[in-house]
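First up is the structure itself, then whatever we jot down about it.
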Amino acid sequence: MRSLIWLALPAALAGCGREELFHRLDEPQANEVLVALDEGGIAARKEPEDGTEGGWLVSVASGDAAPAHRLLSARDLPRARPPGFGDVFSKGSLVPTPVEEHALYLHALAGELARSVEAIDGVVGARVHLGLPQPDPLRPGERAAPRAAVLVRCRPAACAAVRSLEPGVRALVAGAADGLRPEAVAVVISEATEASPPRADGRRRSPVLLAIAALAALAAAGIGGAGLFSGLRKGSAS
């Protein structure tokens, strides 16, 4: 009985600590991490990070840190947000060349389209690649046909619904680029890897709850509070 008590108390103390998993996340990234951890049965907390503008940190109980890292690694989280027009053009040179301007435009447009595709329910990630050749002033009328490719990663349970929206994805991408036809947009839809939950029941047992359960078992066995602490005093004296 005394051995069980001494094992339960350190577990209760250890369960009180927390470990920070990620720093400087934007809020959508932090929310994605929270949802993934909750689906895996791991309780997490999101808090604004001091000293950063709009940054968030995510933490879990110390005992849940290792399984949390494994689960998030399997789901490729947190993912970097695709850059949009504001992200790309804010970093351009003072006098960009026409080639640089075109490349920046394609990069920004691809990022905006990837964000739109990721907004579809069940999609966990998207990449868009655009091939929109510029007209050659020396060869008017010989511009190559525009084309595009889209990679969509979805949750296994939602992939059937996402595949049914493939014509809509083609139309979405084609509608954003001048001269791009839907049939020139290649779409690849793949299932994202799902991490196994830490336990078969989908929930980890808190060390604090385990300690309380152990003490309750002792009480049920006939050891009251006075007898319990008396036993602790005797154990520490010996």
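The chain is numbered in sequence order, starting from 1.
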- Query: Would you call L151 and S190 a side-chain contact if the rule is heavy atoms closer than 4.5 Å?
  - Reply: yes

- Item | Closest heavy-atom pair and its distance - A144, P133 | O-CG, 3.6 Å

- Item | Hydrophobic cluster membership, V60 vs L57, 4.5 Å side-chain cutoff | no

- Query: So, do L109 and L113 sit near enough that their side-chain heavy atoms are less than 4.5 Å apart?
  - Reply: yes

- Message: Using the rule given for side chain to side chain contact (heavy atoms under 4.5 Å, CB included), can you reason through V173 versus L180, listing the C-alpha separation, both sets of side-chain angles and the distance that settles it, and then say yes or no?
- Response: CA-CA 8 Å; V173 175; L180 179 60; 4.0 Å; yes

- Query: Are S73 and H69 close enough, and set up right, to give a side chain to side chain contact (heavy atoms under 4.5 Å, CB included), and what steps lead you there?
  - Reply: CA-CA 6 Å; S73 177; H69 279 298; over 6 Å; no

- Treating Ile, Leu, Val, Met, Phe, Trp and Tyr as nodes and any side-chain heavy-atom pair under 4.5 angstrom as an edge, say whether V185 and V162 lie in one connected cluster. yes

- Are L72 and L37 side-chain neighbours, meaning at least one heavy-atom pair lies under 4.5 Å? yes

- Task: Go through C154 and V124 one step at a time and tell me if the side chain to side chain contact (heavy atoms under 4.5 Å, CB included) criterion holds.
- Result: CA-CA 5 Å; C154 53; V124 299; 5.8 Å; no

- Task: Mind listing the closest non-hydrogen atom pair of G125 and E118 along with its distance?
- Result: CA-OE2, 3.6 Å

- Message: Please give me the minimum heavy-atom distance between P182 and A174, naming the atom from each residue.
- Response: N-CB, 3.6 Å

- Item | Atom pair CG/NE2 of L106 and H129 - distance to nearest 0.5 Å | 12.5 Å

- Is the count of non-hydrogen atoms from other residues, nucleotides or ligands lying under 6.0 Å from R181 atom CZ greater than 12? no

- Query: Going by an N to O cut-off under 4.0 Å, is there a salt bridge joining E47 and R45?
  - Reply: yes

- Item | Intermediate values then yes/no, side chain to side chain contact (heavy atoms under 4.5 Å, CB included), S116 and L172 | CA-CA 9 Å; S116 298; L172 172 70; 4.0 Å; yes

- Message: Between K46 and E27, does any side-chain N to carboxylate O distance fall below 4.0 Å?
- Response: yes

- Tell me, do R24 and E49 make a side-chain contact under 4.5 Å, heavy atoms counted? yes

- Indicate the atoms forming the closest heavy-atom contact of A148 with L130, along with that distance. CB-CD2, 3.7 Å

- Task: Locate the shortest heavy-atom distance separating E166 from I189; write the atom from each residue and the value.
- Result: OE1-CD1, 4.2 Å

- To the nearest 0.5 Å, how far apart are CG in D26 and CG in N31? 9.0 Å

- Nearest 0.5 Å, what's the CZ-CG distance between R163 and L165? 12.0 Å

- Item | Non-hydrogen side-chain atoms of V188 and V152 separated by less than 4.5 Å | no

- Message: Nearest 0.5 Å, please: how far is CG in D64 from CZ in R18?
- Response: 8.5 Å

- Task: Of all the heavy-atom pairs spanning V169 and V150, show the shortest one and how long it is.
- Result: CG1-CG1, 4.2 Å

